[in-house]
Amino acid sequence: MKRLNPPQQRAVNTVEGALLILAGAGSGKTQVITTRIVHFLKDLRVPAENILAVTFTNKAAREMNERVLGMAGQLAKGIVISTFHSLGVRILRRDIKSLGFKPNFSIYSTSDQSGVIRQAVRERDIDQKKIDPDQILWKISGLKNRLIGPKEFTPDKNDPLEIATAAVYPRYQELLKGFNAIDFDDIIMLSVRMLQTTPSILSHWQERFRYIMVDEYQDTNASQYLLISLLAQKHGNICVVGDDDQSIYGWRGAEVQNILNFAQHHPGCVTIKLEQNYRSTGTILEAANCVIKNNTVRTDKALWTSDGKGREIDLIVADSEEHEAAQVVEQIILEQYREKLRWADLAILYRSNAQSRAFEEKLRLERIPYVVIGGQQFYERKEVKDAIAYLKVIDNPSDEASLLRIINFPRRGIGDTTLIKLNQWSMNHDVPLFESLGRAGEIEEISPSCKKTVLAFHAMMKEVMAGFNNHNMGTQVNTLFNRLRIEDELYRTLNDAPQARKRIENIEQVVNSLAAYEEQTPRATLSAFLERISLMDEDKPGEDGKDKGSNAVTLMSLHSSKGLEFSHVWLVGVEENLLPHKRSIEEDPTVAEERRLCYVGITRARKYLTISRCLTRRKYGAVEGRKPSRFLAEIPDHLLSGTAGNTESAEPVDLAADFFARMLGD
């Protein structure tokens, strides 16, 4: 308690009734939560089994549990510190028989769900070529998170997917029940239904959990909100901790209104703001405050620190994404040397995972260890490998591994049986596999329809190879990918549109990488480009396990960065249509969630922050102009050093000269 500041102490000592703790970034909320729990156990002698603490990840729950055990010892035995879904399973295991299930129910994985949904689709005579079963499953998941069951769902009569969902949803639930199984989304929905319909069960859990605490409350969705509300209804001792300014998961169902309206829903609620920041410098916090205050619907608070102003924020304005990556990596090298930092103290944050490509290439070139969090390394992503495989076959038709990778991508009806017959014929006649495709008409074991498809694929690839040259390679490859309709394939096969868009952005980056390579390399060839990529794979950092997770520069999306902190942060691509993202601007012109995302990125930095943007970027190989983000204009000029925020020309910043000037100044 002595280590806590006055608002933190007040939060710990407020015991009865509803309590809203608005905990800004870096304000020590985890210490407040754990100290509050220990205060209940040691000072107030509340039995451990009467305390419930809920958070969002197993890692957070485990760390909180370890802290409490370390501070309270045996007094903490019986306490429940868990995720929402672990809590739901605990409730269901005891009483799910009231819903007609056996207590030993199974929880189906995504692959298990896929099999059940396909059975339901077949039984309802829905054409899987027109309506993808995975799209139906994705739709059902969204409905369950909003507590909409099969009987409550009213489909849009003009939406074929919703009509199909309405037909399949009831049967899908019947099949799950027949298998004594539930899916992941059922865990909360069925828990809420059981508590709502069976007063004795609700009373049991209300008596069990007399004091409830919820972390990251701004991330709760409708079903999680209702579950906690039901449990806290009787005693009213509910403490929620969160920050509406860090609500960045609206795309997966989180509702920021849950925290904004908490005090209104709980009369007599005490609200405590934790605004003292123990992480960042005064300059970084002032920049974060100046950005986030432009969101009109938020609680009024401002982060501050007693640790001093610190350095100004560096601003890099680059000509292109390759130039941006070069500037950032050069600065990383200088800062790591100057400050005597570990690589793990440094992070590059971006809005879209596809942005990692240029930074990965430059880091590999400089042999700097790095790790990509929340996604695979760029050239290891499936869609990137598929795209590169097309380039490899164009360059070398004898590359049979790449040929087998693309022969049915996008899907064109060439199945494994046909491939086995083609491969066997190729070996029997001692001809390359690609040549055997062109002679499919001679293979009697293959059906006429498959022969036609194979011959069409072979003819298309021969045409592409014959016309391909080492000039404007990016444009040629983009034309090929459009011809293949890869975008349509990704939208069709993935179970949600946002994931498809991310993969399409990665395909676009392959084209951009080829176009940039051609522009920068005299006498560029496709062979040399592919060789360059292969050599990058050979130097893959972290392969021996020494770099990964130990001492490597971190690359991650802004969504993945929440809850983390680094000594030095590079927030890259701060441009209109990237941050804020174009899609988000279309969906919400106020870009409130995108502004919160920018705020989260800024507040990840402890000592040093660099913001970068480009004057131009490539889109499918073609160069297009970029405008600075509106969020950049919201940061006062006196906080920035480097190129001025509104400058439209990239004045070169001599990072080496700047580095030595700082060294001499020190």
Side-chain angles (χ1 to χ4, degrees), residues 22-27 218 242-250 256 259-260 273-277 279-305 309-317 347-352 557-559 561-566 568-582 584-585 588-613 626-647:
L22 293 168
S27 62
Q218 76 280 349
D243 181 7
D244 54 292
D245 289 335
Q246 295 186 74
S247 179
I248 59 174
Y249 299 122
V256 70
I259 193 168
L260 291 174
K273 299 176 185 179
L274 305 183
E275 298 171 289
Q276 184 173 357
N277 177 282
R279 175 190 300 159
S280 306
T281 66
T283 295
I284 291 169
L285 295 180
E286 186 179 349
N289 290 334
C290 287
V291 170
I292 201 62
K293 72 180 183 182
N294 290 283
N295 273 359
T296 54
V297 182
R298 61 182 289 266
T299 54
D300 182 31
K301 55 189 176 301
L303 297 176
W304 62 276
T305 181
K309 185 178 179 181
R311 275 167 50 179
E312 293 174 327
I313 297 166
D314 274 350
L315 177 63
I316 293 174
V317 180
I348 300 172
L349 308 182
Y350 37 73
R351 175 62 176 85
S352 167
S557 71
L558 287 164
H559 283 104
S561 73
K562 188 167 169 290
L564 302 177
E565 58 183 75
F566 301 90
H568 290 34
V569 166
W570 283 260
L571 179 55
V572 300
V574 184
E575 303 150 24
E576 284 295 299
N577 295 328
L578 199 48
L579 181 65
H581 200 280
K582 181 180 180 181
S584 298
I585 296 171
D588 175 20
T590 72
V591 296
E593 184 159 319
E594 291 289 297
R595 186 174 279 107
R596 294 195 290 266
L597 202 54
C598 182
Y599 172 83
V600 165
I602 293 171
T603 54
R604 296 314 91 196
R606 291 198 294 264
K607 292 176 61 179
Y608 173 88
L609 174 66
T610 294
I611 295 173
S612 70
R613 70 177 184 91
R626 309 290 294 191
K627 293 182 178 179
S629 169
R630 67 192 75 184
F631 306 147
L632 188 53
E634 292 168 359
I635 299 175
D637 285 344
H638 74 269
L639 300 178
L640 300 169
S641 75
T643 312
N646 296 318
T647 300

Output all residues satisfying side chain to side chain contact (heavy atoms under 4.5 Å, CB included) with Asn295, sequence neighbours left out; order by chain, then residue number. Ile292, Arg298, Ala592, Arg595, Arg596
Distance-minimising heavy-atom pair for Cys598 and Val291: SG-CG1, 4.4 Å
State, with a plain yes or no, whether a side-chain heavy atom of Ile348 is found less than 4.5 Å away from one of Val572. yes
For Thr283, side chain to side chain contact (heavy atoms under 4.5 Å, CB included) partners two or more places apart: Thr281, Lys309, Ile313, Leu639
Indicate the atoms forming the closest heavy-atom contact of Tyr599 with Ala25, along with that distance. OH-N, 4.3 Å
Kindly compute the distance separating CG (Leu349) from CD1 (Ile611), expressed to the nearest 0.5 Å. 11.0 Å
CG (Leu571) and OG (Ser612) are apart, to the nearest 0.5 Å, by 7.5 Å
Assess the side chains of Tyr608 and Thr610: does a donor N or O sit below 3.5 Å from an acceptor N or O? yes
Arg604 and Ser561 have their tightest heavy-atom pair at CD-O, 3.3 Å
dist Asn277:CG -> Arg606:CZ (nearest 0.5 Å) comes out at 11.5 Å
With sequence neighbours left out, what residues match Thr305 under side chain to side chain donor-acceptor pair (under 3.5 Å)? none
Can you name the closest pair of heavy atoms from Gly242 and Ile259 and give their distance? C-CD1, 3.6 Å
Could you measure the distance from the NZ atom of Lys562 to the OG atom of Ser557? Nearest 0.5 Å is fine. 12.5 Å
With rounding to the nearest 0.5 Å, note down the distance linking CG in Leu609 to NE2 in His568. 10.5 Å
side-chain contact (heavy atoms from CB on, under 4.5 Å) assessment of Asp245 paired with Leu22: CA-CA 10 Å; Asp245 289 335; Leu22 293 168; over 6 Å; no
Rounded distance (nearest 0.5 Å) linking atom OG of Ser27 with atom CG of Asp243: 7.5 Å
Taking C-beta and beyond as the side chain, do Arg626 and Leu578 meet within less than 4.5 Å on heavy atoms? yes
Over all heavy atoms of both residues, which pair between Ala302 and Asn289 is shortest? Give the atoms and the distance, please. CA-OD1, 3.7 Å
Sorted by chain and residue number, the side chain to side chain contact (heavy atoms under 4.5 Å, CB included) partners of Ser629 (sequence neighbours excluded) come out as Val574, Glu576, Pro580, Phe631
Determine yes or no for a side-chain-to-main-chain donor-acceptor pair under 3.5 angstrom, with Arg279 supplying the side chain and Thr603 the backbone. yes
Is there side-chain contact between Ile248 and Leu558, with at least one heavy-atom pair below 4.5 Å? no
Just jot down the side chain to side chain donor-acceptor pair (under 3.5 Å) partners of Asp244, sequence neighbours excluded, or say none. Thr299, Lys301
Partners passing side chain to side chain donor-acceptor pair (under 3.5 Å) against Gln218 (at least two apart in sequence or in another chain): Glu216
Looking at Lys293 and Glu634, does any basic side-chain N land under 4.0 Å from a carboxylate oxygen? no
Between Lys273 and Asp300, is any pair of side-chain heavy atoms under 4.5 Å apart? yes
Do the non-hydrogen side-chain atoms of Leu632 and Arg613 ever get within less than 4.5 Å of each other? yes
Looking at His559 and Tyr249, what are the two nearest heavy atoms and their distance? O-OH, 3.0 Å
